[in-house]
2 protein chains.
Amino acid sequence: MAVTIKDVAKKANVAPSTVSRVIADNPSISDKTKRKVRKVMKELGYHLNANARNLVTKKTKTIGIVLKHSARYSLHNPFFQEVMRGIGSHCREEGYSLSITTGDSETAIYEDVIQMVEGRQVDGLIILYSRKGDKMIRYLLEKNFPFVVVGHPGQDYTGVTYVDNDNQKAAKDLTEFLLFLGHKHIAFFGGVLEYDVVSDRLKGYKEALNTHGIKFSPDYVKPLPYSRKEAMIAIDELFALPDSPTAFLALDIDYAIILSGVLTKRNMRIPEDASIVCFNNYEVADYTTPSLTTMDIHTYELGAEAARYVIELIINPQAIEKNVLIPTRIIERESHRPIKQEKPAEDVLMH
Amino acid sequence: MAVTIKDVAKKANVAPSTVSRVIADNPSISDKTKRKVRKVMKELGYHLNANARNLVTKKTKTIGIVLKHSARYSLHNPFFQEVMRGIGSHCREEGYSLSITTGDSETAIYEDVIQMVEGRQVDGLIILYSRKGDKMIRYLLEKNFPFVVVGHPGQDYTGVTYVDNDNQKAAKDLTEFLLFLGHKHIAFFGGVLEYDVVSDRLKGYKEALNTHGIKFSPDYVKPLPYSRKEAMIAIDELFALPDSPTAFLALDIDYAIILSGVLTKRNMRIPEDASIVCFNNYEVADYTTPSLTTMDIHTYELGAEAARYVIELIINPQAIEKNVLIPTRIIERESHRPIKQEKPAEDVLMH
DNA sequence: CTGAAAGCGCTAACAG
DNA sequence: CTGTTAGCGCTTTCAG
């Protein structure tokens with residue numbers, strides 16, 4: 001019922017193979033026949049049947065996107081749509097379609113992947129949010145199937161190409177940014193230490209303190225899940241310290257929003273009384289008052305590069321693995337400020 | 001090189017068709033042969049080739065998701081991942097895969113769709129964010145291709161099934177909620193009137209005022225794009241009114257965040273001096289201070305139902321179109337409060 | 001430069 | 001209950 005290559009061939013008085021060739025724009029076909037065939041294709045409303053082609057070429061021109069833990073946890077913020085935009089944009093340029101996993105448990109996701117790979121539904125895979133010691137990675141590696149992970153695959157594998165930020169350096173930069181503003185008591189706020197992103201950032205934070213002769217104290221480190229309640233407890237603890245923090249390094253914009261509200265409630269002014277900076281430069285950073293100084297991790301580029309490298313791997317499976325680090329950049333807005341003088345004025349007033 | 005049905009057949013001493021039948025779990029195959037064949041499949045590591053099957057069955061068991069304008073505009077908030085979760089979850093239950101468009105312009109998206117449909121890459125389509133007078137909808141309707149739109153397809157089509165909220169009612173409810181708290185001057189804040197969602201909500205707002213004998217005044221209606229700057233201007237205008245608003249109906253959580261910050265900056269306390277309620281109940285509503293009272297539009301269900309109805313249409317293309325309205329619900333948090341007494345105390349103080 | 005023929009891996013009658 | 005036979009729509013040698 002749908003119009004096939006044969007129908008076109010018949011009407012154009014050529015062989016099916018010829019039609020196939022003009023689809024592929026094979027140079028050994030004369031311009032004349034090409035024009036003729038194309039005309040007929042248009043008249044008949046011909047469209048290539050992807051399945052038939054895939055079956056014979058053993059390629060699908062689609063790449064799969066693996067969402068770990070189904071967006072439920074990891075995807076609090078616009079990260080997901082940003083990477084997708086990046087991936088989508090590059091894939092489209094290269095003529096690739098996108099297929100995405102629906103599984104919402106570790107096992108379900110694993111099954112999805114097996115199905116995609118073994119069922120020959122994708123040529124390559126982009127994995128968002130990988131954890132260490134993942135059997136899926138091992139499987140793909142053994143199969144020698146093209147894939148790249150966005151984020152850090154952990155040290156326990158070789159041969160996997162990934163694209164990520166240099167989280168340690170980013171955190172170091174951001175900490176130094178505060179240090180240069182004169183802050184000496186900087187809280188590391190939010191994030192779950194089990195994730196590599198977070199522990200890497202903590203390393204960077206320590207490194208910065210270290211480099212600048214500030215003693216690291218675990219009291220200023222407050223990892224926590226997304227939760228205003230837990231955040232409030234952490235903030236209380238922080239302000240119970242002999243030297244309460246004058247600046248906060250928030251692991252994500254949502255933590256910064258919590259911070260900003262809670263501190264204001266405590267009658268602190270931001271940035272006059274405390275600076276807040278955070279990771280992830282999403283649009284809401286512009287909407288808060290004060291607007292938030294952020295570390296842009298270039299999520300879009302993360303996606304685009306990932307796409308670029310899977311496609312490279314698809315074309316040349318022997319390509320050596322690459323570790324791509326997308327640079328980060330501080331976006332200064334209103335939530336930071338040099339530290340106040342050590343209250344000399346206040347001292348005067350107090351006596 | 002990959003193991004096929006024939007390899008299995010040979011090793012199991014049966015015909016390929018038998019293997020095919022056990023894959024389909026055809027009841028007319030004896031349990032004995034089923035077991036035998038399955039054993040061999042496992043031994044050989046057999047996996048079904050999706051393309052081959054799709055080619056003959058003319059089904060793909062995958063549904064396409066059409067993102068209008070590539071997430072760039074419409075997707076400021078977690079809407080996207082929430083619908084996706086809903087869609088994904090239902091599709092997985094029914095054994096469908098997901099494919100998503102990558103186009104980032106009207107034409108590119110249209111091409112993606114044509115390719116998916118004509119190339120037989122999907123059995124059905126879910127369209128997120130439809131605009132009126134869309135040629136894509138017309139095309140699908142003509143083709144009689146199964147699809148459902150999430151949102152409002154506009155009045156200009158019949159025969160399209162869509163799943164949406166009753167935006168007018170939701171807005172009416174939310175306005176009445178404020179009205180019942182005693183608020184008489186309620187601002188309608190944010191949103192772009194060109195979108196049906198927004199104009200429907202405006203209707204609901206008007207209706208509520210009307211029903212409760214409050215005169216509608218366009219001065220309290222401030223549609224605007226996402227932008228703190230424009231929001232500030234609108235807020236200035238609102239407070240220049242003889243009766244400045246005591247409550248704000250924000251079209252989205254991001255507008256509420258802007259409002260909350262800017263009002264606080266103007267030395268207003270929320271909710272003591274002004275109530276804020278908004279549409280969309282995403283997690284950040286819990287993170288702001290005060291936390292935000294929201295209208296939950298049940299994004300996840302929107303997606304899940306959409307998935308359910310495309311699949312229904314795929315199975316029975318003659319199924320009558322349905323217009324599914326997902327109910328909405330107010331989630332009370334801290335950002336609202338009954339209106340203050342008409343400052344009698346203050347009057348006393350003032351004289 | 002073009003055609004004929006085989007076959008990708010699977011399903012679906014039709015026999016038996 | 002199982003095997004035989006076509007054939008889905010396309011690409012790809014191999015001839016010519």
Side-chain angles (χ1 to χ4, degrees), chain A residues 1-38 40-41 44-62 95 115-123, chain B residues 1-41 44-62 95 97 115-123:
Chain A
M1 40 159 294
V3 14
T4 77
I5 222 176
K6 278 189 186 166
D7 303 325
V8 176
K10 195 169 291 171
K11 181 138 185 225
N13 276 316
V14 294
S17 50
T18 302
V19 178
S20 175
R21 289 189 185 102
V22 348
I23 291 170
D25 203 14
N26 186 316
S28 73
I29 297 284
S30 74
D31 275 10
K32 187 151 161 281
T33 18
K34 274 186 185 169
R35 266 195 301 277
K36 183 174 65 182
V37 170
R38 292 209 174 102
V40 175
M41 293 198 321
L44 260 37
Y46 169 79
H47 282 272
L48 180 57
N49 180 317
N51 291 307
R53 164 180 279 185
N54 294 347
L55 181 57
V56 22
T57 59
K58 296 176 183 336
K59 294 239 165 296
T60 62
K61 275 286 199 175
T62 106
Q115 179 49 42
M116 280 179 161
V117 173
E118 303 286 352
R120 264 128 253 260
Q121 306 190 92
V122 298
D123 294 343
Chain B
M1 39 159 295
V3 14
T4 77
I5 222 176
K6 278 188 187 166
D7 302 325
V8 176
K10 195 167 295 172
K11 179 139 188 222
N13 276 317
V14 295
S17 51
T18 302
V19 178
S20 176
R21 287 187 187 105
V22 348
I23 292 170
D25 202 15
N26 188 316
S28 72
I29 297 284
S30 74
D31 274 9
K32 185 151 160 284
T33 18
K34 272 187 188 170
R35 265 194 302 279
K36 183 175 63 179
V37 170
R38 290 210 178 103
K39 185 157 158 283
V40 174
M41 295 200 314
L44 261 37
Y46 170 80
H47 282 273
L48 181 57
N49 180 318
N51 291 305
R53 164 181 275 183
N54 294 347
L55 181 57
V56 21
T57 59
K58 293 171 182 340
K59 294 241 167 295
T60 63
K61 275 287 198 172
T62 108
S97 310
Q115 179 50 41
M116 280 178 160
V117 173
E118 303 285 353
R120 318 251 115 86
Q121 307 191 89
V122 298
D123 294 343

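Quick note on labels: first sequence line is chain A, next is B, and so on, each numbered from 1.
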Requested in this report: Looking at every strand, decide which applies to A:Asp31 at a 4.0 Å heavy-atom threshold: base, sugar-phosphate, or nothing.
Outcome: nothing

Query - Protein-nucleotide distance (A:Ile5, atom CD1; D:dG9, atom P), rounded to Å - result: 11 Å

**Report entry** Over 12 non-hydrogen atoms of neighbours within 6.0 angstrom of NZ in A:Lys34
**Finding:** yes

Query - Between C1' of C:dA13 and CZ of B:Arg21, the distance in whole Å - result: 9 Å

**Report entry** Electrostatic pair A:Arg38-A:Asp25, nearest N-O below 4.0 angstrom
**Finding:** yes

Query raised in the report: Got a donor-acceptor pair under 3.5 Å from the side chain of A:Arg53 to the base of D:dT12?
Result: no

**Report entry** B:Lys11, NZ: over 12 other non-hydrogen atoms inside 6.0 angstrom
**Finding:** yes

Report task. Name the closest nucleotide to the A:Asn49 side chain, picking from D:dC10, C:dC10, C:dC14. Result -> D:dC10

**Report entry** A:Lys6 vs B:Asn26, nearer the 5' end of DNA chain D by closest nucleotide
**Finding:** B:Asn26

Report task. Using a cut-off of strictly less than 4.0 Å, decide whether A:Lys58 has a side-chain nitrogen or oxygen near OP1 or OP2 of C:dG9. Result -> yes

Report task. On DNA chain C, check which nucleotide each of A:Pro27 and B:Pro16 is closest to and give me the residue with the more 5' one. Result -> A:Pro27

Query raised in the report: Does A:Val14 or B:Val56 map to a spot on DNA chain C nearer the 5' end, using the closest nucleotide for each?
Result: A:Val14

Query - side-chain contact (heavy atoms from CB on, under 4.5 Å) between B:Val37 and B:Arg21, worked out - result: CA-CA 10 Å; B:Val37 170; B:Arg21 287 187 187 105; over 6 Å; no

Report summary line: Heavy-atom nearest nucleotide on DNA chain D taken for B:Ser30 and for B:Leu55; more 5' hit belongs to B:Ser30

Query raised in the report: With sugar-phosphate meaning primed atoms plus P, OP1 and OP2, does A:Ser28 contact a base, only sugar-phosphate, or nothing at under 4.0 Å between heavy atoms?
Result: base

Query raised in the report: Less than 4.5 Å apart, any side-chain heavy atom of B:Gln121 and any of B:Gln115?
Result: yes

Query raised in the report: OP1 or OP2 of C:dT11 sitting under 4.0 Å from any side-chain N/O of B:Ser20?
Result: yes

Report summary line: Separation of D:dC8 atom P from A:His47 atom NE2, nearest Å, is 20 Å

**Report entry** d(OH, B:Tyr46; P, C:dG9) in whole Å
**Finding:** 10 Å

Report summary line: Atom NZ of A:Lys59 and atom P of C:dC8 are separated, to the nearest Å, by 17 Å

Query raised in the report: So, is A:Ser17 close to the C:dT2 phosphate, meaning a side-chain N or O under 4.0 Å from OP1 or OP2?
Result: no

Query - Nearest to side-chain heavy atoms of A:Thr4, which nucleotide of C:dA4, D:dG9, C:dC10 - result: D:dG9

Query raised in the report: Rounded to the Å, how far apart are A:Lys10 NZ and C:dT2 C1'?
Result: 18 Å

Requested in this report: Answer yes or no: side-chain N or O of B:Arg120 and base N or O of D:dG9 forming a donor-acceptor pair under 3.5 Å.
Outcome: no

Report task. Indicate whether OP1 or OP2 belonging to C:dC1 is found under 4.0 Å from a side-chain N or O atom of A:Thr33. Result -> no

Requested in this report: Could you check how far CZ of A:Arg35 sits from C1' of C:dC1, rounded to whole Å?
Outcome: 15 Å

Requested in this report: Would you classify B:Asn13 as touching base, sugar-phosphate or nothing, given that sugar-phosphate means primed atoms plus P, OP1 and OP2, and contacts are heavy atoms under 4.0 Å?
Outcome: sugar-phosphate

Report task. Would you indicate whether the side-chain heavy atoms of A:Lys58 and A:Asn54 approach each other to under 4.5 Å? Result -> no

Query raised in the report: Roughly, in whole Å, what's the span from CE in B:Met41 to P in C:dC10?
Result: 11 Å

